[in-house]
Number of protein chains: 2
Amino acid sequence: MQDSQTSDTTQKTIEETIVSGILSARIRPGTRLSENQLASLFGVSRTRVREAMMRLETRGIVHVSPRRGWFVVEPSAEEAIAVYEARRIIEAGLLRSMRVLTDAGREALDAHLNEERSAIAAGDRQRLTYLMGDFHIRIAELSGNAIIVDILRDLTARTILISMLYQSEFHAAQSHDGHCRIFQAMQAGDFGRAAELAVEHLDEVEMGLDLTARPDPLSELRSSLSLPSRTVSPTDRPKNHKLQRSN
Amino acid sequence: MQDSQTSDTTQKTIEETIVSGILSARIRPGTRLSENQLASLFGVSRTRVREAMMRLETRGIVHVSPRRGWFVVEPSAEEAIAVYEARRIIEAGLLRSMRVLTDAGREALDAHLNEERSAIAAGDRQRLTYLMGDFHIRIAELSGNAIIVDILRDLTARTILISMLYQSEFHAAQSHDGHCRIFQAMQAGDFGRAAELAVEHLDEVEMGLDLTARPDPLSELRSSLSLPSRTVSPTDRPKNHKLQRSN
DNA sequence: CTTTGCTGTCTTGTATGCAAGATAGCCAGA
DNA sequence: TCTGGCTATCTTGCATACAAGACAGCAAAG
């Protein structure tokens with residue numbers, strides 16, 4: 001636990017580092033976030049790490065198990081469904097509220113879709129994950145409404161965590177097509193249609209999940225015993241405390 | 001600064017106390033929230049107060065001016081507009097996503113509207129403020145989506161702060177009528193219409209604001225000097241430090 | 001009377017220290 | 001071999017101590 005490379009990064013950076021790590025699928029659900037490790041990693045005391053964790057917790061991105069540790073959330077199947085539903089509600093409402101697509105907006109989306117295409121061509125899966133989520137954030141940015149942007153960013157982060165848990169295979173091309181269709185409707189000025197397409201698109205992605213799968217392998221037992229809910233799946237829990245310290 | 005009545009309230013209570021204080025219009029925008037005062041009021045140390053403040057800050061309800069203090073936010077005119085826009089987007093999307101109004105839902109809304117009526121009859125303005133905001137939260141609860149409920153609760157809190165700053169008079173009867181119309185459309189199963197009515201309703205309320213009014217009397221000077229943004233309007237800033245301590 | 005600088009006291013910012021729960025691994029006993 | 005309990009050591013929870021900025025009020029100079 002010697003001190004490390006980084007230094008006086010100013011407060012919000014811990015938060016943003018973690019969120020962007022999730023958005024680009026570099027941080028997996030269930031990852032342990034030790035206060036001490038983060039503290040030495042960022043060159044600050046536990047206090048500031050803790051503050052960042054609290055903030056992330058209210059954003060639904062991180063979760064604390066009392067006296068055991070902080071973990072990146074592992075959304076349950078129910079939570080996954082709720083996240084997709086919330087996104088459908090907000091994104092459809094957002095698109096329907098739009099009246100015009102400005103030139104700048106058209107160019108931004110066009111550039112984004114090109115990036116998607118080149119990432120698909122390059123087979124860069126991590127970048128692709130990031131771009132697929134970012135498309136929706138870009139649309140929110142068109143509205144110029146910072147509140148909506150923030151909400152959708154957090155929901156997108158949770159969506160990516162959900163994908164990492166439940167998505168067996170990644171239909172990037174299909175998602176890209178969905179994005180293109182939405183863009184076309186927007187260009188045509190038909191925002192009602194764009195909203196419908198966005199809902200369909202989110203439905204498609206949600207259908208691509210296997211929500212009976214991975215996490216909480218004890219769920220059957222748990223529910224048959226009618227125990228409260230869930231903590232952290234033992235899968236990602238470190239087995240050996242001593243090894244923890246090694247980085 | 002002696003200790004006080006309250007005791008081992010468990011963490012989230014500080015947060016919820018403040019939010020519900022805002023929702024019922026008992027806490028005004030710009031109110032100073034001293035860490036020390038809250039700490040002794042809740043019988044905890046500053047640490048936990050601070051954590052609550054951080055959480056409230058990420059929820060957009062509280063704001064810190066470095067080394068000066070925590071304050072309940074005083075939304076600027078631009079922020080006020082953004083809040084209403086966000087609400088229109090989300091509430092319209094929410095209503096449009098609904099397919100049926102359950103019996104339980106119908107009864108809940110009906111009971112709520114009756115409460116509105118009796119508060120109007122009684123002229124209980126504080127209760128009325130609470131109910132007028134709560135109607136929209138009730139609708140969100142019908143969806144059963146906790147994410148949407150949380151988002152709308154926070155936006156409603158901000159809306160109430162906005163009202164306290166910019167709303168000269170309170171058209172309770174008009175708002176109540178709007179709520180009734182939305183309810184009727186929902187009962188008729190016409191959720192598209194309900195969404196339209198919700199947007200109109202929010203527009204109406206927003207129009208009732210005088211956004212050129214109250215806060216940040218220095219805004220003209222500030223913008224002509226092109227200074228960053230805003231901190232706390234001097235109006236609500238306490239003049240005398242000594243008096244602070246008295247409760 | 002106005003202005004300018006000083007100083008005491010308030011505030012938050014941050015680190016640290018100690019308490020206490022939870023877990024892993026060991027060891028003894030069956 | 002398996003079971004049960006003990007203990008060492010990890011973790012977070014929470015309070016406290018100290019650093020440092022901001023402001024109000026006063027006093028002195030113009």
Side-chain angles (χ1 to χ4, degrees), chain A residues 1 3-4 6-15 30-57 62-72 231-247, chain B residues 1-4 6-15 30-57 62-72 230-247:
Chain A
M1 290 209 190
D3 67 352
S4 45
T6 345
S7 54
D8 59 277
T9 35
T10 174
Q11 180 63 350
K12 294 245 161 169
T13 315
I14 299 176
E15 228 177 309
T31 302
R32 181 189 208 105
L33 298 172
S34 155
E35 293 182 2
N36 275 323
Q37 286 182 11
L38 289 175
S40 59
L41 219 51
F42 284 88
V44 297
S45 80
R46 276 179 54 218
T47 306
R48 297 177 68 183
V49 174
R50 234 153 177 271
E51 291 174 353
M53 292 297 116
M54 303 268 169
R55 289 188 152 103
L56 286 173
E57 190 179 38
V62 133
H63 155 264
V64 64
S65 177
R67 314 247 180 214
R68 296 216 320 105
W70 294 90
F71 300 87
V72 175
T231 59
V232 173
S233 85
T235 313
D236 298 288
R237 193 181 299 161
K239 289 291 194 291
N240 186 343
H241 274 199
K242 303 260 172 57
L243 291 179
Q244 290 273 317
R245 212 166 27 180
S246 59
N247 62 349
Chain B
M1 290 206 189
Q2 322 86 309
D3 67 352
S4 45
T6 344
S7 53
D8 60 276
T9 34
T10 175
Q11 181 63 349
K12 294 244 160 167
T13 314
I14 299 175
E15 229 177 309
T31 301
R32 183 192 205 102
L33 299 172
S34 154
E35 292 183 2
N36 275 323
Q37 287 181 12
L38 289 175
S40 59
L41 218 52
F42 283 88
V44 297
S45 79
R46 275 180 55 218
T47 306
R48 294 178 68 183
V49 174
R50 215 135 202 284
E51 290 173 355
M53 291 297 115
M54 302 268 168
R55 288 189 154 102
L56 287 174
E57 190 180 39
V62 133
H63 156 266
V64 63
S65 177
R67 313 245 181 216
R68 296 215 322 103
W70 293 91
F71 300 87
V72 175
R230 67 201 311 281
T231 60
V232 171
S233 84
T235 313
D236 298 288
R237 193 181 297 162
K239 289 291 195 289
N240 186 343
H241 274 197
K242 303 261 172 57
L243 291 179
Q244 290 273 317
R245 212 169 22 184
S246 59
N247 61 352

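This structure is a prediction, so every number in the text was calculated from the model and none was measured. Within every chain, numbering begins at 1; the chains are lettered A, B, ... in the order of the sequence lines, protein sequences first and strands thereafter.
- Remark: the Ser34(A) side chain and the dT11(D) base include no donor-acceptor N/O pair separated by less than 3.5 Å.
- Considering only side-chain N and O atoms, Thr47(A) lies nowhere under 4.0 angstrom from the phosphate OP1 or OP2 of dT14(C).
- Of the candidates dT12(C), dT12(D), dT16(C), the closest approach to any side-chain atom of Val64(A) belongs to dT12(D).
- By the side-chain contact (heavy atoms from CB on, under 4.5 Å) test, Thr47(B) is found to be paired with Ser45(B), Glu51(B), residues two or more places apart in sequence or in another chain being considered.
- Where Ser45(A) and Pro66(A) meet DNA chain C, the nucleotide closest to each residue was compared, and Ser45(A) sits on the side nearer the 5' end.
- A donor-acceptor pair under 3.5 Å links the side-chain atoms of Ser34(B) to the main chain of Gln37(B), judged by distance alone.
- Nearest nucleotide to the side chain of Arg46(A), out of dT11(C), dT14(C), dT12(D): dT12(D).
- Arg67(B) places its CZ atom 7 Å from the P atom of dT14(C), with the value rounded to the nearest Å.
- Glu51(B) places its CD atom 15 Å from the P atom of dT12(C), with the value rounded to the nearest Å.
- Among all heavy-atom pairs drawn from Arg46(B) and Ala39(B), the shortest one is N-CB, 3.9 Å.
- Protein atom CD of Glu35(A) is 13 Å distant from nucleotide atom C1' of dC10(D), rounded to whole Å.
- Comparing dA22(C), dA15(C), dC14(D) by their nearest atom to the side chain of Arg68(A) picks out dA22(C).
- Taking the side chain to side chain donor-acceptor pair (under 3.5 Å) definition, one finds that Glu57(A) meets it with Arg55(B), sequence neighbours left out.
- Going from atom CE of Met53(B) over to atom P of dT14(C) covers 17 Å, rounded to whole Å.
- Between Leu33(B) and Leu56(B) the shortest side-chain heavy-atom distance does not fall below 4.5 Å.
- Put simply, CG on Leu38(A) is 12 Å from P on dT11(D), counting in whole angstrom units.
- To the nearest angstrom, P of dC10(D) lies 21 Å from CH2 of Trp70(A).
- Summarising the geometry, the separation between CZ on Phe71(B) and C1' on dA22(D) is reported as 11 Å, rounded to the nearest angstrom.
- Atom-to-atom, CZ of Arg32(B) to P of dA22(D) comes out at 14 Å; the value is rounded to the nearest Å.
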